[in-house]
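Only one structure is covered here, and it is reproduced in the block below.
As the structure lists them, so they are numbered: ligands from 1, and atoms in each ligand from 1. It should be emphasised that the depicted structure is a prediction, and the values quoted were computed from it without experimental measurement.
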Amino acid sequence: MAEPDVSSTLHLNLLLNANGGNHSAWRVADDPVANVLGLKNYIATAQAAERAKFDAVFLADRLAFVENPAGWLWSPLEPITTMSAVASHTERIGLIVTASTTFIEPYNLARMLGSLDHFSNGRVGWNIVNGYNPDAARNFGLTELPPREKRYDRMYEFIEVVSALWDSWDDDAIVADRTSHRYVDPEKVHRIDHVGEHFRVAGPFNVPRSPQGRPVYIQAGLSADNREFAGAIGEGVYTNLQSVEEGVVFTQDVKRRARLHGRNPSHVLVLPGLVPHVGSTMAEALRQQEEVVEASDPDGLLHSLNVMYGTQYAGLGMDDVVPASELPERSFTMVSTPGVFARLIRDRETTVRDLLRLMDVDAHRVLVGTPESIADDFGRWLGAGASDGFTIMPSLLPSGFEDFADQVVPVLQERGLFRREYEGETLRSHYGLPRPVVDRG
Ligand SMILES: Cc1cc2nc3c(=O)[nH]c(=O)nc-3n(C[C@H](O)[C@H](O)[C@H](O)COP(=O)(O)O)c2cc1C
């Protein structure tokens, strides 16, 4: 069998949203409102992740208010604006922002991300999504979400346009020569003249080429269409994978697709979400998890499932069994995660409490353990080629991350699984990705 295409060390991102990923995290946070709406929490947690030498912090996003009985606010603040502030208080850590290709013009987004890449000195990643929430569509002049195929079509064309814009300045286009009175060499700034089904963009772009050339293209998803997009364009994938076996199948598929597109498969990193509960003993880790479960509002979880997966759950208590028969294999707007959820509960009787243990943060893998057992698990995933690392999604922020950084990271470093120092300055260098080369020949 061919060697798996994985890097020899882990890559770790940290999801930075809200008070942590759990719906009820706000109920146990010290300052649940300022944590979400103020900047202090985002900056302090990103700085802690930088001290732990994480590859990047990551902000997920939704373009609509999702009313939830648990009172949860997941992503009220716009990610690019938020990360701009984080950028000015950090130096090395990557900054990944989510932006949907369905509801913005490519020129606008290219400028925002290009600007952020400039003033963060090359630390930007873009989580490219195309939306799944009909409420978002209603905020942008539409009555319904465009059909899935249309959203994907627009996403591909969107990437074509923004890539052309980001590539349209030669690296040496800025001359800034006082003697010749020339700031820019216009010969080195190129129009793009894009005419397509969704966009007409002439250029030239007005943002010079940024340190990374383009932001790192991250892709969130699991479906075959998402995997194809990742193979064609993605440089990182954020996804839901529950087991090493699932990870091997997914990762091999994404890398195979990358190869078919003539790309180096090690230039697309698979970084599934992971919810850690860390304790110095297994009993302590389990106790921590139970504290989160007991603080959780069952209605909040059920409501989220209804919104995400089109179920109709209501009025279930902690010990009631969740009826798997109501589960669709795919929902109207999204293919990626309903299947994961279905596989989690279909073949076993699952109460709401069990579900809160299994789905502490959405349908992401929950790992309860000691620093050593968590490092063993990571080593197994990496060794099997099941992923290139993880997107760490603590139930509670900042406490869940502090536990991980203080206890797990040193063990990973001692085992040579994770860096002790950053080697480069940009997110591309942390991930081992090349800077895109523009061939005008
Ligand atoms: C792990 C994961 C994270 C995602 N994060 C976001 C997000 O933050 N914002 C968003 O609008 N969509 C997000 N998505 C949605 C996907 O990017 C995609 O648009 C959606 O899954 C529809 O595509 P599909 O039908 O092929 O699954 C996420 C999907 C997955 C699987």
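A parallel orientation is assigned to the rings of Phe404 and Phe401, their planes being inclined by less than 30° (bins at 30° and 60°).
Interface of Ala60 with ligand 1, defined as ligand atoms under 4.0 Å from a residue heavy atom, comprises 8 (O). Each of the atoms 19 (O) of ligand 1 lies under 4.0 Å from some heavy atom of Asn130. The distance from ligand 1 to the heavy atoms of Asn240 drops below 4.0 Å at these ligand atoms: 1 (C), 31 (C).
Under the 4.0 angstrom criterion for non-hydrogen atoms, His364 is in contact with ligand 1. Using a 4.0 angstrom heavy-atom cutoff, Gly221 counts as in contact with ligand 1.
Under 4.0 Å from ligand 1, not a single heavy atom of Gln219 appears.
With sequence neighbours excluded, no residue forms a ring pair (Phe, Tyr, Trp, His ring centres under 6.0 Å) with Phe250.
Judged by distance alone, the side chain of Ser373 and the main-chain N or O of Gly369 form no donor-acceptor pair under 3.5 Å. Side chain of Arg428 to main chain of Pro434: a donor-acceptor pair is present (N/O by atom type, distance under 3.5 Å, no hydrogens or angles). Judged by distance alone, with hydrogens and angles left aside, the side-chain atoms of His267 form no donor-acceptor pair with the main-chain N or O of Arg263 at under 3.5 Å.
Residue pairs meeting the ring-ring contact (aromatic ring centres under 6.0 Å, His included) criterion with at least one partner in residues 22-51, sequence neighbours excluded, are His23-Trp72.
Here atom 17 (O) of ligand 1 lies nearest to Ala220 when heavy atoms of Ser100, Pro272, Ala220 are compared.
Looking at Asp225 next to ligand 1, no N or O pair under 3.5 Å apart turns up. For the pair Arg148 and ligand 1, the shortest N or O to N or O distance falls below 3.5 Å.
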